[in-house]
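Predicted model, so just to flag it, every value in this text is computed and none were measured. Just so you know, ligand 1 is whichever comes first in the structure, and atom 1 is the first atom listed for that ligand.
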Amino acid sequence: MPDHLLQRNREWAAHAAETDPEFFESLTEGQSPRFLWVSCSDSRVPANVIVKCHPGDLFVHRNIANRVDHEDLNGLSVLQYAVEALNVPHIIICGHYQCGGIKAAMEHTDHGLLDNWLRPVKHLYHRHSDELDAIDDEKARWDRLCELNVIDQVQGVASTTVVQQAWHRGRDLAIHGWIYQLSDGLIRNLDVTIDSAEQIPPIYRIDASTNASTHG
Ligand code: CO
């Protein structure tokens, strides 16, 4: 039974209120996080914990293998709300090494429904198969695909209409790619930040002035 979680919650709430009596009251006034954080559902990569953030600091989206795909209504809705309503200036895609979702995409096992979710990761492997197949060490190949998946998400998020429209409106918005190492708890910056439309490949660029909704 998960009752011990409720007990821990009472302890946590009591401690937080003791440390800062205004804490919970201030959170009822609304949220203004500076970051949209996208990471894996994996229990070992708890978003707020690994970057020492408090309630209100991060707007979080998590799923298996930290994907934001263009036909995923859930991820796109989170992205739109974070960009257009919360006006976050930073989007952080934080993957992790030894990601089980990435491993599953590399296998030929039948994982059921999950294989459909991970299909874009298979496509990604296929696009980078020359590089990946040349890596003999299986773990190193797995880790590299974890990195490539983060880079793919940074490029994918940057090319969404939501992000491109935000840039068109003059908003400062940067998408960053980070990766977390389970074995030492450290996050590495992959240095693949995109903060302007000029950084995305031409075929994905939209002329934001042609947005149908602005032309009635
Ligand atoms: Co994972």
Side-chain angles (χ1 to χ4, degrees), residues 2 5 33 35-53 55 57-79 81-82 88 90-129 131-133 135-160 163 174-194:
L5 295 180
F35 308 98
L36 165 59
W37 177 275
V38 179
S39 61
C40 185
S41 294
D42 194 306
S43 62
R44 300 165 296 178
V45 289
N48 283 50
V49 175
I50 62 175
V51 281
K52 283 184 79 174
C53 277
D57 291 344
L58 302 179
F59 195 64
V60 173
H61 182 65
R62 293 175 70 178
N63 59 40
I64 292 174
N66 40 268
R67 297 290 308 179
V68 183
D69 286 298
H70 287 228
E71 66 281 6
D72 171 21
L73 194 58
N74 184 351
L76 292 178
S77 299
V78 169
L79 177 67
Y81 191 77
V88 298
H90 298 283
I91 298 169
I92 297 164
I93 314 291
C94 186
H96 69 106
Y97 291 114
Q98 294 172 270
C99 179
I102 301 298
K103 181 82 179 300
M106 297 171 75
E107 294 170 348
H108 301 281
T109 313
D110 183 351
H111 301 94
L113 182 69
L114 180 60
D115 286 326
N116 298 284
W117 175 253
L118 294 172
R119 186 79 177 174
V121 184
K122 266 197 197 294
H123 289 318
L124 180 67
Y125 189 108
H126 186 62
R127 287 209 303 278
H128 295 272
S129 56
E131 177 191 349
L132 291 164
D133 289 343
I135 303 172
D136 288 332
D137 182 71
E138 197 179 326
K139 184 173 174 299
R141 195 183 325 128
W142 178 14
D143 282 348
R144 180 57 182 153
L145 187 57
C146 291
E147 292 177 352
L148 290 171
N149 185 55
V150 170
I151 296 165
D152 188 46
Q153 296 321 285
V154 170
Q155 293 170 347
V157 168
S159 67
T160 57
V163 168
I175 302 102
H176 312 272
W178 294 358
I179 193 157
Y180 177 81
Q181 180 65 271
L182 294 170
S183 60
D184 61 11
L186 295 175
I187 294 170
R188 189 177 140 217
N189 187 348
L190 290 171
D191 291 322
V192 290
T193 298
I194 297 180

Task: Test item: His176 and His90 side chains (from C-beta on) under 4.5 Å apart, heavy atoms - done: yes
TODO: In sequence, state the C-alpha distance, the side-chain angles, and the governing distance for Asn149 and Tyr125, and then conclude on side-chain hydrogen bond (donor to acceptor under 3.5 Å, both in side chains).
DONE: CA-CA 9 Å; Asn149 185 55; Tyr125 189 108; over 6 Å; no
TODO: Measure from the side-chain N and O atoms of Gln181 to the backbone N and O of Leu186, and report whether any donor-acceptor pair falls under 3.5 Å.
DONE: no
- [ ] Say whether, by atom type as modelled, one donor and one acceptor occur between the side chain of Asp72 and the main chain of Asn74 under 3.5 angstrom.
- [x] yes
- [ ] Hey, can you tell me if Trp37 and Trp178 have their rings parallel, tilted or perpendicular (30° and 60° cut-offs)?
- [x] perpendicular
Open item on the list: Within this structure, what is the CG-NE2 distance for the pair Leu118 and His111, rounded to the nearest 0.5 Å?
Closed with: 8.0 Å
Task: Under 2.8 Å from the Co ion (ligand 1) - protein N/O/S, by chain and number - done: Cys40 SG, His96 NE2, Cys99 SG
